[in-house]
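Working notes for the structure below.
Just so it is clear: chains get the letters A, B, ... in the order the sequence lines come, proteins before strands, and each one is counted from 1. This one's a predicted model, so the numbers in the text were calculated from it and none came from an experiment.
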Amino acid sequence: MAKVIIYPTNSLILSDMVERFGHEPLAMMEKIREKITTVGVDSPPLNITPEGPKHGLKYAAVEVPAGVRGRMSIIGPLIDIAEAAIIVGDASISFGCMGCARTNELTKFLIREKDIPVLEIQYPHTEEEGKAFVYNIAEFLKALPTGSDDE
Amino acid sequence: MAEDIDDNITKIVVISSDSVLPMDAAMKVYESEDAITIKETCFGTMVNGPRDAVNRVVETLRSMDRNHIFVKERGFKPGAEVRCRAGRGGGPRPGFHFLREEVSMLPMIGRALDEYDAGEPLEEKEVPQKLDVSKLKKIIDSEL
């Protein structure tokens with residue numbers, strides 16, 4: 001089972017596909033759950049505390065807006081442990097916690113910089129594109145090693 | 001106590017099936033003997049509880065129509081105050097737009113998964129190439 005980071009990091013389709021083909025999706029949702037269920041002063045409603053941007057300094061310089069660094073403090077550790085990645089472009093739906101364009105660029109950049117297998121693909125708009133989308137992701141996931149956690 | 005909280009997860013089950021209704025899925029969850037909480041929503045259900053129990057229930061739900069039921073984890077519990085619309089004065093909850101956009105693609109993804117499982121090969125489609133500069137030049141010249 002390989003740890004596969006997905007972009008958009010909260011995608012239902014990608015998270016499901018990675019799990020469906022026997023791997024572990026590294027998604028934002030799990031990190032958020034950890035953050036809000038850990039007992040402490042940063043419990044809800046404060047999910048992002050002043051500590052976030054400090055942790056984010058590992059991934060972005062100090063002059064980068066605090067919002068980017070705060071987001072990177074959640075996404076960065078996921079990229080660090082990723083063994084493979086699926087990046088889906090053309091996501092016009094980058095709303096909410098996905099809506100920071102600079103963080104999205106930095107996330108994609110850091111994933112591409114890492115020496116791991118990366119599949120880059122576009123969101124499907126037609127039936128034909130949908131077939132190609134599923135086929136490419138399935139073949140990519142099947143080609144990944146499955147026994148890394150047995151070591 | 002803290003360990004109990006840590007081990008609790010929430011999963012969103014999105015139903016995009018012609019044969020399974022969100023109600024059927026909810027009934028299946030109610031039949032479960034595990035101590036889990038569910039919330040029925042317009043797109044399916046949210047299941048909350050201990051990790052093992054949730055995974056077991058989700059697997060049962062998935063088996064009802066494997067390629068047309070989609071699952072992802074959710075950070076917040078159902079009804080969490082910071083996300084629940086009831087406490088925020090209405091409006092879509094954060095993350096709704098993304099989910100709605102992806103839900104609209106699910107019928108297409110489901111059909112593609114059916115075809116992939118059936119072993120149908122992907123037809124190589126010719127992607128239109130960019131026009132070569134020399135060709136473009138020729139076209140311009142010919143018009144002159």
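Nearest heavy atoms, A/Val134 versus B/Ala112: CG2-CB, 3.5 Å. Residues A/Pro124 and B/Ile109 come closest through the heavy atom pair CG-CD1, 4.2 Å. Nearest heavy atoms, B/Met108 versus A/Gly130: CG-CA, 4.1 Å. Residues A/Pro8 and B/Phe98 approach most closely at CB-CZ, 3.5 Å, considering heavy atoms.
A/Asp16 contributes no side-chain N or O that, together with a main-chain N or O of B/Lys72, makes up a donor-acceptor pair within less than 3.5 Å.
Below 4.5 Å, heavy atoms of chain A meet heavy atoms from B/Arg62, B/Arg66, B/Asn67, B/Ile69, all part of residues 57-69 of chain B. Close approach to chain A, defined as a heavy atom under 4.5 Å from one of its heavy atoms, is seen in no residue of residues 24-36 of chain B.
For a residue to count as touching a neighbouring chain, one of its non-hydrogen atoms must lie under 4.5 Å from one of that chain's; by this rule A/Pro25 does not touch chain B. Contact of A/Thr126 with chain B is made through the backbone alone, with heavy-atom distances under 4.5 Å. Both the backbone and the side chain of A/Ala138 come within less than 4.5 Å of a heavy atom of chain B.
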Worked verdict on B/Glu101 versus A/Tyr123 for side-chain hydrogen bond (donor to acceptor under 3.5 Å, both in side chains)
CA-CA 11 Å; B/Glu101 188 77 16; A/Tyr123 260 113; over 6 Å; no
Please walk me through it: do A/Ser15 and B/Glu73 pass side-chain hydrogen bond (donor to acceptor under 3.5 Å, both in side chains)?
CA-CA 8 Å; A/Ser15 179; B/Glu73 194 167 331; over 6 Å; no
Please determine whether side-chain contact (heavy atoms from CB on, under 4.5 Å) holds for the pair B/Leu106 and A/Leu12, giving the CA-CA distance in whole Å, both sets of side-chain angles, and the decisive distance to 0.1 Å.
CA-CA 10 Å; B/Leu106 292 184; A/Leu12 162 73; 3.9 Å; yes
Name every donor-acceptor pair, under 3.5 Å, that has one atom in a side chain of residues 106-122 of chain A and the other anywhere in the protein, sequence neighbours excluded.
unit_1   : atom_1 : unit_2   : atom_2 : d
A/Thr107 : OG1    : A/Thr103 : O      : 2.6
A/Arg112 : NE     : A/Glu120 : OE2    : 2.6
A/Arg112 : NH2    : A/Glu120 : OE1    : 3.2
A/Lys114 : NZ     : A/Ile79  : O      : 3.0
A/Lys114 : NZ     : A/Asp80  : O      : 3.0
A/Lys114 : NZ     : A/Ala82  : O      : 2.9

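In this structure the side chain of A/Met17 reaches within 4.5 angstrom of the side chain of B/Leu113, judged on heavy atoms. In this structure the side chain of B/Thr10 never reaches within 4.5 angstrom of the side chain of A/Arg33, judged on heavy atoms.
Within the structure, the ring-ring contact (aromatic ring centres under 6.0 Å, His included) test picks out the following pairs touching residues 126-146 of chain A (sequence neighbours left out): A/Tyr135-B/Tyr116.
Other residues, nucleotides and ligands place no more than 12 heavy atoms under 6.0 Å from the NZ atom of B/Lys77.
Under the 4.5 Å side-chain heavy-atom criterion for ILVMFWY residues, a single connected hydrophobic cluster contains both A/Ile137 and B/Phe70.
Here the CG-CD distance, from B/Asn55 to A/Glu19, works out to 7.0 Å after rounding to the nearest 0.5 Å.
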